[in-house]
Amino acid sequence: MIWFGKENIEEIDSCREYSEISGQASKLNAIGLDIVKKSATLRALSRAALNYKKRRQYIKRTKGVKTDSKVILFSTFDGRSYSDSPKAIYEYMLSNPEFDDYTFIWALRAPAKHKELLYNKNTYIVQPSTPQYDIACKRAKYWFFNFRIADYIFPDENQVYVQLWHGTPLKKLGYDINKSNNAMNSQKEIRAKYRIDAKKFSYILAPSDFAKERFVSAWNLKAMGKEDSVLVEGYPRNDSLINHTIDDIKTEKECLKLPENKKIILYAPTWRDNQHSSELGYTYTPEIDFDKLKAELSEEYIILFRAHYLVANSFDFDKYKGFVYDVSWVEDVNSLYIISDLLITDYSSVFFDYANLKRPIIFYMYDYESYANETRGFYIEKNELPGAIVKTPDELIKEIKAVDYKNFDFDKQYPNFAEKFNPLDDGQASKRVTDIIIKK
């Protein structure tokens, strides 16, 4: 068996979990990781040794495997979910008869959770960090990823790696980070990761000229002679925000079993580079006073809490049952956008996409100074953000209560935002990107 297909639909339920295959940190591994985390030299040596081993395995496993011009590989957040721009492009291809004779492969860490994909035409699943995944990488002519591909895998000359990325950047990236309080990577190590990725991709997708400029600098593309690799065509993942219907909203609310008589707040904070557990990975502690919010807002609102995809720890909201709903398990954040009346975030890029819905946004930046000065830094000024900035629970509650939904006019309040950051989000980005990549 090369990968999971419809004929393996029963077997897929009993497949090993990704954590078992990849050797995800056990308690013993965590001890070693704690030691390595403290030394850039040890990190470099251990990563180099591991990549060398995996590279040799990759070459051995893929020997004799020929690349097929009609095989396409998709991956979102290194196999963590079925979502984002890879999903949008895949579903566009499914609906287009031009791709009836193409083979689609999804890289997913938990195949059993996504076995419904196997009922789609010509669709298969592989798990990252397995021999089947390596073979799929070698077999596929096109790679559509929204995250860096593993360091040990390099495309051949006849393969096309499309780096779709996963958001318009607010936080500084790659070579632009001049201060890094990252638990797992120094500034030098971060740049090395971006340099390796830039060498590999044929194209990197940008939603605007603003994003293009930042990607060129973050991946150091000018120095590498790869400025022309940036495609400015809009984000396919936002097509569904433009094209969604009232029935889509109704279906999502019913799926989550949400009350019909309450307004919905989506709280989607980003991860913190310096919050890391050797056993779990990146963690996050919600620095928000849910007790106070419940006392002040529960009659009119409910809150959907969605952690960043890198955050590995779980959350206990039993105390706030009926008011706070943990929806971190929802893979496609677009389904949460369309049902939300208001977005609260901090430094996440989610607000760029959410702005397509023309709804209110509040920025809860309780740790702005430390995040800006010690962790990342930003690409845009605070006065360009499309919403109020608050730092305390009391300010947050005041801003929520002040929202006038009936008379809210996003374009009037933020007249230049869409033109600068979302000029190509018109519901047709999947088609444009596919036409350019495949037909070219």
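From a predicted model like this one, the values you see are computed outputs, not experimental measurements.
Note that NZ of Lys87 is 9.0 Å distant from CG of Leu117, once rounded to the nearest 0.5 Å. To the nearest 0.5 angstrom, Asp151 atom CG is 11.5 Å from Arg55 atom CZ. Between the CD atom in Glu213 and the CD atom in Glu227 there is a gap of 10.5 Å [rounded to 0.5 Å]. Considering CD of Glu252 and CD1 of Ile338, their distance stands at 5.0 Å, rounded to 0.5 Å. One distance of note links CZ of Arg432 with OG of Ser430; it measures 9.0 Å at 0.5 Å rounding. Rounded to the nearest 0.5 angstrom, Ile380 CD1 and Leu170 CG are separated by 5.0 Å.
Thr123 places no side-chain N or O within donor-acceptor distance of the main-chain N or O of Phe104, the cut-off being under 3.5 Å. Side-chain atoms of Gln187 come within 3.5 Å of backbone atoms of Ile177 as a donor-acceptor pair (strictly under, hydrogens ignored). Checked by atom type and distance alone, the side chain of Tyr235 never pairs as donor or acceptor with a backbone atom of Asp425 at under 3.5 Å. One N or O on the side chain of Asn122 and one on the backbone of Tyr102 form a donor-acceptor pair closer than 3.5 Å. Panel note: side chain Asn8, backbone Gly5; a donor-acceptor pair is recorded below 3.5 Å. Ser75 places no side-chain N or O within donor-acceptor distance of the main-chain N or O of Asn146, the cut-off being under 3.5 Å. No side-chain donor-acceptor contact under 3.5 Å links Asp346 to the backbone of Tyr366. One N or O on the side chain of Asp426 and one on the backbone of Gln428 form a donor-acceptor pair closer than 3.5 Å. Between the Asp134 side chain and the Pro131 main chain, no donor and acceptor come within less than 3.5 Å of each other. No donor-acceptor distance shorter than 3.5 angstrom exists from the side chain of Asp332 to the backbone of Ser83, with no hydrogens or angles considered.
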**Request:** Apply side chain to side chain contact (heavy atoms under 4.5 Å, CB included) to Lys141 and Thr67, showing your working.
**Result:** CA-CA 6 Å; Lys141 164 82 172 182; Thr67 299; 4.1 Å; yes
**Asked** Are Arg191 and Asn220 close enough, and set up right, to give a side chain to side chain contact (heavy atoms under 4.5 Å, CB included), and what steps lead you there?
**Response** CA-CA 9 Å; Arg191 290 184 173 185; Asn220 201 28; over 6 Å; no
**Request:** List the steps, then state whether side chain to side chain contact (heavy atoms under 4.5 Å, CB included) holds for Ile264 with Lys253.
**Result:** CA-CA 10 Å; Ile264 298 174; Lys253 286 184 176 181; 3.8 Å; yes
**Message:** Test side chain to side chain contact (heavy atoms under 4.5 Å, CB included) on Arg359 and Leu343; report intermediate values, then the result.
**Reply:** CA-CA 8 Å; Arg359 299 175 189 170; Leu343 171 69; over 6 Å; no
**Asked** Could you go step by step and tell me if Phe351 and Phe363 meet the ring-ring contact (aromatic ring centres under 6.0 Å, His included) rule?
**Response** CA-CA 9 Å; Phe351 73 90; Phe363 295 87; 5.0 Å; yes
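When only modelled atom types and interatomic distance are considered, Thr245 and Asp248 share a side-chain donor-acceptor pair under 3.5 Å. No side-chain N or O of Asp84 forms a donor-acceptor pair with one of Thr76 less than 3.5 Å apart. Under 3.5 Å, the side chains of Thr251 and Glu254 contain no donor-acceptor pair of N or O atoms. For the residue pair Asp326 and Ser328, a side-chain donor N or O sits within less than 3.5 Å of a side-chain acceptor on the partner. If you check the side chains of Tyr194 and Asp176, you find no donor sitting under 3.5 Å from an acceptor. Side-chain atoms of Asp197 and Gln163 include a donor-acceptor pair closer than 3.5 Å.
Contact between Phe352 and Asn422 at its shortest, heavy atoms only, is O-ND2, 2.8 Å. In terms of heavy atoms, Ser335 sits closest to Val330 at OG-CG1, 3.4 Å. Minimum interatomic distance between Ser229 and Leu221 (heavy atoms only, all atoms of both residues): OG-CD1, 4.0 Å. Scanning all heavy atoms of the two residues, the minimum distance from Met365 to Lys391 falls at O-CG, 3.3 Å. Considering all non-hydrogen atoms of both residues, Ala268 and Thr345 come closest at O-OG1, 2.7 Å. The minimum heavy-atom distance linking Arg109 with Pro128 is given by the pair N-CD, 3.9 Å.
In this structure, Arg80 and Asp78 have side chains that are in contact, with non-hydrogen atoms separated by less than 4.5 Å. Side-chain contact between Leu396 and Ile288: present, with at least one pair of heavy atoms (C-beta onward) separated by less than 4.5 Å. Residues Lys113 and Leu108 fail the side-chain proximity criterion, which asks for heavy atoms closer than 4.5 Å. Side-chain contact between Leu258 and Leu304 is present, with at least one heavy-atom pair separated by less than 4.5 Å. A heavy-atom distance below 4.5 Å is found between the side chains of Phe378 and Tyr368. Contact of the Tyr92 side chain with the Val433 side chain is not registered, since no non-hydrogen atoms from C-beta on lie closer than 4.5 Å. Under the 4.5 Å side-chain criterion, counting only non-hydrogen atoms from C-beta, Phe215 is in contact with Leu173. The side-chain heavy atoms of Tyr337 and Asn238, taken from C-beta on, include no pair separated by under 4.5 Å.
Residues passing the ring-ring contact (aromatic ring centres under 6.0 Å, His included) test with Phe74, sequence neighbours excluded: Tyr90, Trp106, Phe144. By the side chain to side chain donor-acceptor pair (under 3.5 Å) test, Ser240 pairs with Asn334, sequence neighbours left out.
In this structure, Glu419 places its CD atom where only 12 or fewer heavy-atom neighbours from other residues, nucleotides or ligands lie under 6.0 Å away. Within a 6.0 Å radius of NZ in Lys431, no more than 12 heavy atoms belonging to other residues, nucleotides or ligands are found. By the neighbour-count criterion of 12 heavy atoms within 6.0 Å, atom NZ of Lys53 is sparsely surrounded, having that number or fewer from other residues, nucleotides or ligands. For CD of Glu381, the number of neighbouring non-hydrogen atoms (other residues, nucleotides, ligands) closer than 6.0 Å is 12 at most.
The aromatic rings of Phe417 and Phe410 stand perpendicular to each other, their planes meeting at an angle above 60°, with 30° marking the opposite boundary. Between Phe421 and Phe210, the ring planes are perpendicular. Angles over 60° get that label, and only those under 30° would be called parallel.
With Tyr354 as reference, Ser340 is the one residue of Pro386, Ser348, Ser349, Ser340 to meet the side-chain contact (heavy atoms from CB on, under 4.5 Å) rule. The side chain to side chain donor-acceptor pair (under 3.5 Å) with Lys121 is formed by just one residue from the set Thr103, Asp100, Asp101; it is Asp100. Of the listed residues (Lys200, Lys193, Lys199), just one forms a side-chain contact (heavy atoms from CB on, under 4.5 Å) with Ile196, and that residue is Lys200. Checked options Phe201, Phe145, Phe77, Trp219; the residue passing with Trp165 is Trp219 (criterion: ring pair (Phe, Tyr, Trp, His ring centres under 6.0 Å)).
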